[in-house]
Amino acid sequence: MFSRLVLVSGHTLKNSGSFGACLVQASRSFHQSSQSLAPVPPLPEKGGKVRHGIFPEELFTLLYPKTGVTGPYMLGTGLLLYMLSKEIYVINHETFAAVSIGAVIIYGIKKFGPSVAAFADKINEDKVTEAQEVKDQAMGSLAQGIEDEKKEQWRVEGRHMLFDAKRNNVAMLLETNYRERLHMVTNEVKKRLDYQVELQNLHRRMEQEHMVNWVEQSVIKSITPQQEKESIAKCIADLKVLAKTTQAQATV
């Protein structure tokens, strides 16, 4: 019965274009209005009081001044009897199925509700604890950031001294580079002068060797074969005389 009523209502709302346009226009005006910028109130941790599992307590308190304590119950009973008598709601197999399912749901809520609620509360507490830890860490990091910022401001106050020291370091670095380059130039000039000195000594030595070789070759060329034979004979005779003198000295 309820399913048929929902389907009929859905088709009716789907076919009515003006109603959909009104909803779109209302949602646009709501999101574009200044109310969308208002702070959202925090959601309550626990729901309001209800009676019989589904009826809010505010409904009973609203009817108490006009109908008394039994007014809400009489109103509900009268509406139910009116719907049944006018056959607005017809009792059929779906009604019994709904009652059975409702009974099972109510039994499950009564039986397992406290344990499930305790488990959900524990999960919620764990999440709140984790969120608190994250918050504490964020607060700690922010506090550390504030301390670091104060330290950086303190350092900035002495930046003129730092700049003077850096300026002196740069000047010393430039002077060191100048000295190194001057020393490098001195060494290069000395190397080139040493090269010129060595080159001159080499030329002089080569000239001397050439002169000695030329004189030696000239002397060798000036000696005739006859002079060479006489010289060799003279040398042999001198060697013989020297040998005899050595033998005589040895015998004495």
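What you are looking at is a predicted structure, and each value in this text was computed from that prediction instead of being measured.
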Exercise for the section: For Y82, look at atom OH and say whether over 12 heavy atoms of other residues, nucleotides or ligands are found less than 6.0 Å away. Expected result: no
Handout entry: CD-CZ distance between E58 and R51, expressed to the nearest 0.5 angstrom
Key = 10.5 Å
Practice task
To the nearest 0.5 angstrom, please state how far the CD atom of E180 sits from the CG atom of L173.
Solution key: 8.5 Å
Handout entry: Transitive ILVMFWY cluster of F119, excluding itself - 4.5 Å side-chain cut-off
Key = I123
Handout entry: Within-4.5 Å side-chain heavy-atom neighbours: T67 and P72
Key = yes
Practice task
Please check if any side-chain donor atom of D148 sits under 3.5 Å from a side-chain acceptor atom of Q144, or the reverse.
Solution key: yes
Exercise for the section: State the CG-NZ distance between N168 and K166, to the nearest 0.5 angstrom. Expected result: 12.5 Å
Problem - Heavy-atom check, side chain of Y178 versus side chain of H183, under 4.5 Å - result: no
Exercise for the section: For the residue pair E149 and Q153, establish whether any side-chain heavy-atom pair is separated by less than 4.5 Å. Expected result: yes
Handout entry: Residues that, via side-chain heavy atoms closer than 4.5 angstrom, fall in one hydrophobic cluster with I106
Key = none
Fill in the blank from the handout: Residues at least two apart in sequence or cross-chain that pass salt bridge (charged side-chain N to carboxylate O under 4.0 Å, His left out) with D194, listed by chain then number, are K190
Exercise for the section: Indicate whether the side chain of Q217 and that of N213 have a donor and an acceptor atom separated by less than 3.5 Å. Expected result: no
Practice task
Assign the ring pair F60 / F55 to parallel, tilted or perpendicular, where the plane angle (0 to 90°) is split at 30° and 60°.
Solution key: perpendicular
Exercise for the section: State, yes or no, whether a side-chain contact exists between I91 and Y89 at a heavy-atom distance under 4.5 Å. Expected result: yes
Problem - CD-CD distance between E133 and E130, expressed to the nearest 0.5 angstrom - result: 7.0 Å
Problem - salt bridge (Lys or Arg N to Asp or Glu O under 4.0 Å) between R155 and E152, intermediate numbers included - result: CA-CA 5 Å; R155 290 177 180 175; E152 292 298 328; 3.2 Å; yes
Practice task
Mark yes or no for whether N124, through its side chain, and A120, through its backbone, hold a donor-acceptor pair below 3.5 Å.
Solution key: no
Practice task
Give a yes or no on whether L79 and L63 share a hydrophobic cluster (residues Ile, Leu, Val, Met, Phe, Trp, Tyr; joining criterion: side-chain heavy atoms under 4.5 Å apart).
Solution key: yes
Exercise for the section: Taking all non-hydrogen atoms of both residues into account, name the closest pair between P114 and I109 and its distance. Expected result: CD-O, 3.9 Å
Practice task
Starting at CZ of R205, measure out to CD of E207 and round the result to the nearest 0.5 Å.
Solution key: 11.5 Å
Practice task
Identify whether the distance between the nearest side-chain nitrogen and carboxylate oxygen of E147 and K151 falls below 4.0 Å.
Solution key: no
Completion exercise
Tested for side-chain contact (heavy atoms from CB on, under 4.5 Å) against V189, the lone hit among T186, N187, V185 is V185
Exercise for the section: Identify whether F96 and L80 are in the same connected component of the hydrophobic contact network (ILVMFWY, side-chain heavy atoms under 4.5 Å). Expected result: yes
Exercise for the section: To the nearest 0.5 Å, tell me how far L142 CG sits from K135 NZ. Expected result: 11.5 Å
